[in-house]
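Order of the sequence lines fixes the chain letters, A, B, ..., with proteins taken first and strands second; residue numbering starts at 1 for each chain. Keep in mind it's a predicted model, so treat the numbers as computed, not measured.
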Number of protein chains: 2
Amino acid sequence: MNTSSRFVVAIHVLAAMALDSDKPLKSERLSRSVNTNAVVIRRILGLLRAAGLVVSQAGPDGGFRLARESRAISLLDIYQAVEEGELFHMHYSEPSCDCPIGAYVQDSLGQVFKDADTAMKKVLRGQTLATVTREILQRSGISEKLDEGWTIDELHRHFSFESGRLVLKKT
Amino acid sequence: MNTSSRFVVAIHVLAAMALDSDKPLKSERLSRSVNTNAVVIRRILGLLRAAGLVVSQAGPDGGFRLARESRAISLLDIYQAVEEGELFHMHYSEPSCDCPIGAYVQDSLGQVFKDADTAMKKVLRGQTLATVTREILQRSGISEKLDEGWTIDELHRHFSFESGRLVLKKT
DNA sequence: CCTTTCTGTAAGCAGGATCGTTACAGATCT
DNA sequence: AGATCTGTAACGATCCTGCTTACAGAAAGG
């Protein structure tokens, strides 16, 4: 029982876009960061675009960018964009079985499964893409700049994502 | 984003054993109730036995029975017996990536993912196998006996699971 | 002791999901 | 027109499930 890697990859590329929001990011560049094929990235970004989380543009200087600011994108938004279906599913063999157990087990479990699903989603709803990028900045050595008087929001604005690496922009 | 059918099947067969706790139930009989192959049932019951939820006995008049009473078996016990691993997993391509995003995204998400997993499990911990069988009895028409003055616990004791069907025992 | 009746597993097959890859149509800018 | 992207189809490899057959071993009863 585990989700596909789409969820983590989606968070990864969205974090990259949030950290470098000035220009559109190309799928080929993102794929190098994730270490996979560009088509895989475009497939996942297609799901995110369908969910209204990113916008894309073809042609030179094209690419992907966030459709809204990162603090307005929850992890639940991302989860629901790339994963589908319920956490638990009932479909085993054939629900049509003579004994009442088969008939009523599924009804009896429906509410519990829904509650568990809701509890999991509530946690994801409480975290945003901005939460993730903020923590990335804190965990990376670059947030040592904080000790030099920089605010983390300043770092956020002056960060760039060059050739697969997070670097400070030349200002 | 969904569990295997093992979880629901495990609950199904455990409910059958709880509803008919007098004698051991054979895998072939349980497989008819679930509408699948007996080996599939034995595989799942093997996991439940390894988790200490059921005991088995070979030979004539053998079969499976609960290792402890149904109110002492939570849905989380069952879940952890048949499902493995974390709800979300991080392993995409190669974690070894030059940019800090790849390095720190996983660390940043670790706590959130763990929280979501815990929240889901907390719901499952709140329900027991006895909760399920009680609801099955209520939902099946047989609980109309309640209107005749029977307590649901009396029904619980006088129920039997004969040839793939829930029936009242001849007392 | 031998037969019957079970569990316990291994092995092989089919189906579906996921991921990587190649290929190419279409959009967009210069 | 040509270069540079996205969007998507198609195919193969791999893995996980679940179904089935097959058989070894345990337990009970003659």
Side-chain angles (χ1 to χ4, degrees), chain A residues 1-10 12-13 17 23-51 53-65 67 82-95, chain B residues 1-10 12-13 17 23-51 53-65 67 82-95:
Chain A
M1 58 42 145
N2 38 26
T3 61
S4 67
S5 74
R6 288 195 298 267
F7 188 31
V8 185
V9 172
H12 185 130
V13 297
M17 285 186 262
K23 53 187 179 302
L25 294 185
K26 307 186 209 316
S27 65
E28 196 278 335
R29 194 160 153 190
L30 291 167
S31 73
R32 264 185 292 122
S33 172
V34 176
N35 196 20
T36 183
N37 192 283
V39 175
V40 175
I41 297 296
R42 289 204 289 267
R43 268 203 293 249
I44 293 176
L45 283 169
L47 296 172
L48 298 176
R49 181 172 44 82
L53 301 184
V54 301
V55 291
S56 61
Q57 188 182 358
D61 286 334
F64 299 86
R65 57 172 68 224
V82 299
E83 301 288 345
E84 58 185 4
E86 296 290 319
L87 201 52
F88 307 98
H89 65 316
M90 308 280 196
H91 320 297
Y92 56 102
S93 308
E94 281 280 301
Chain B
M1 42 48 194
N2 41 24
T3 63
S4 67
S5 75
R6 288 194 298 265
F7 188 31
V8 185
V9 172
H12 185 130
V13 297
M17 285 186 262
K23 54 187 179 302
L25 295 185
K26 309 185 207 317
S27 63
E28 195 278 336
R29 193 159 153 189
L30 291 167
S31 74
R32 263 185 292 121
S33 171
V34 176
N35 196 21
T36 182
N37 192 283
V39 176
V40 176
I41 297 296
R42 288 205 288 267
R43 268 204 293 251
I44 292 175
L45 283 170
L47 296 172
L48 298 176
R49 181 171 44 82
L53 301 183
V54 302
V55 291
S56 61
Q57 187 182 359
D61 286 335
F64 299 86
R65 58 172 68 223
V82 299
E83 302 288 345
E84 59 184 2
E86 296 291 318
L87 200 53
F88 307 98
H89 66 318
M90 309 279 196
H91 319 297
Y92 55 102
S93 310
E94 281 281 300

Considering non-hydrogen atoms only, spot the tightest contact between [X] and [Y] and give its length.
{"X": "Ser56(A)", "Y": "Arg49(A)", "value": "OG-CD, 3.3 Å"}
{"X": "Ser5(B)", "Y": "His89(A)", "value": "N-CE1, 3.9 Å"}
{"X": "Gly62(B)", "Y": "Pro24(B)", "value": "O-CB, 3.6 Å"}

Problem set entry | Side-chain N or O of Ser5(A) closer than 4.0 Å to phosphate OP1/OP2 of dT18(C) | no
| query | Any side-chain N or O of Thr36(A) less than 4.0 Å from the OP1 or OP2 oxygen of dG20(C)? | reply | yes
For Phe7(B), the ring pair (Phe, Tyr, Trp, His ring centres under 6.0 Å) test, sequence neighbours excluded, returns Phe88(A), Phe113(A), Tyr79(B)
Whole-Å distance separating the [atom1] atom of [X] from the [atom2] atom of [N]:
{"X": "Phe7(A)", "N": "dC19(C)", "atom1": "CZ", "atom2": "C1'", "value": "19 Å"}
{"X": "Arg6(B)", "N": "dG18(D)", "atom1": "CZ", "atom2": "C1'", "value": "10 Å"}
{"X": "Asn37(A)", "N": "dA13(D)", "atom1": "CG", "atom2": "C1'", "value": "14 Å"}
{"X": "Lys23(A)", "N": "dT28(C)", "atom1": "NZ", "atom2": "P", "value": "22 Å"}
{"X": "Glu84(A)", "N": "dG16(C)", "atom1": "CD", "atom2": "C1'", "value": "13 Å"}
{"X": "His89(B)", "N": "dC19(C)", "atom1": "NE2", "atom2": "C1'", "value": "11 Å"}
{"X": "Ile44(B)", "N": "dT17(D)", "atom1": "CD1", "atom2": "C1'", "value": "10 Å"}
{"X": "Ile41(A)", "N": "dT8(D)", "atom1": "CD1", "atom2": "P", "value": "16 Å"}

| query | Under 4.5 Å between any side-chain heavy atoms of Val39(B) and Arg42(B), yes or no? | reply | yes
Report task. For the residue pair Val13(B) and Val54(B), establish whether any side-chain heavy-atom pair is separated by less than 4.5 Å. Result -> no
Residues passing the side chain to side chain contact (heavy atoms under 4.5 Å, CB included) test with Asp61(A), sequence neighbours excluded, are none
Sequence neighbours excluded, the answer for side chain to side chain contact (heavy atoms under 4.5 Å, CB included) partners of Val40(A) is Thr36(A), Asn37(A), Arg43(A), Ile44(A)
Which protein N or O atoms sit under 3.5 Å from an N or O of nucleotides 13-15 of chain C?
none

Side-chain contact check for Arg43(B): nearest option of dT18(C), dT20(D), dT21(C) is dT20(D)
Collect all protein-nucleotide pairs involving nucleotides 4-7 of chain D in which both atoms are nitrogen or oxygen and the distance is under 3.5 Å.
| residue | atom | partner | partner atom | Å |
| --- | --- | --- | --- | --- |
| dC5(D) | O4' | Gly59(A) | O | 3.4 |
| dT6(D) | OP1 | Ser27(A) | N | 2.9 |
| dT6(D) | OP2 | Ser27(A) | OG | 2.8 |
| dG7(D) | OP1 | Arg49(A) | NE | 3.1 |
| dG7(D) | OP1 | Ser56(A) | OG | 2.6 |
| dG7(D) | N7 | Arg42(A) | NE | 3.0 |
| dG7(D) | O6 | Arg42(A) | NH2 | 3.1 |

Rounded to the nearest 0.5 Å, the CD1 atom of Ile41(B) sits from the CZ atom of Phe64(B) at a distance of 9.5 Å
To the nearest 10 degrees, the angle between the two end axes of the helix from dC1(C)-dG30(D) to dT30(C)-dA1(D) (five pairs per end) comes to 10°
Subject >> Criterion side chain to side chain contact (heavy atoms under 4.5 Å, CB included) on Val9(A) and Val82(A), from CA distance to verdict >> reply: CA-CA 10 Å; Val9(A) 172; Val82(A) 299; over 6 Å; no
Before you tell me yes or no, could you show the steps for Met17(B) and Leu53(B) under side chain to side chain contact (heavy atoms under 4.5 Å, CB included), namely the whole-Å CA-CA distance, both residues' side-chain angles and the distance that decides it to 0.1 Å?
CA-CA 11 Å; Met17(B) 285 186 262; Leu53(B) 301 183; over 6 Å; no
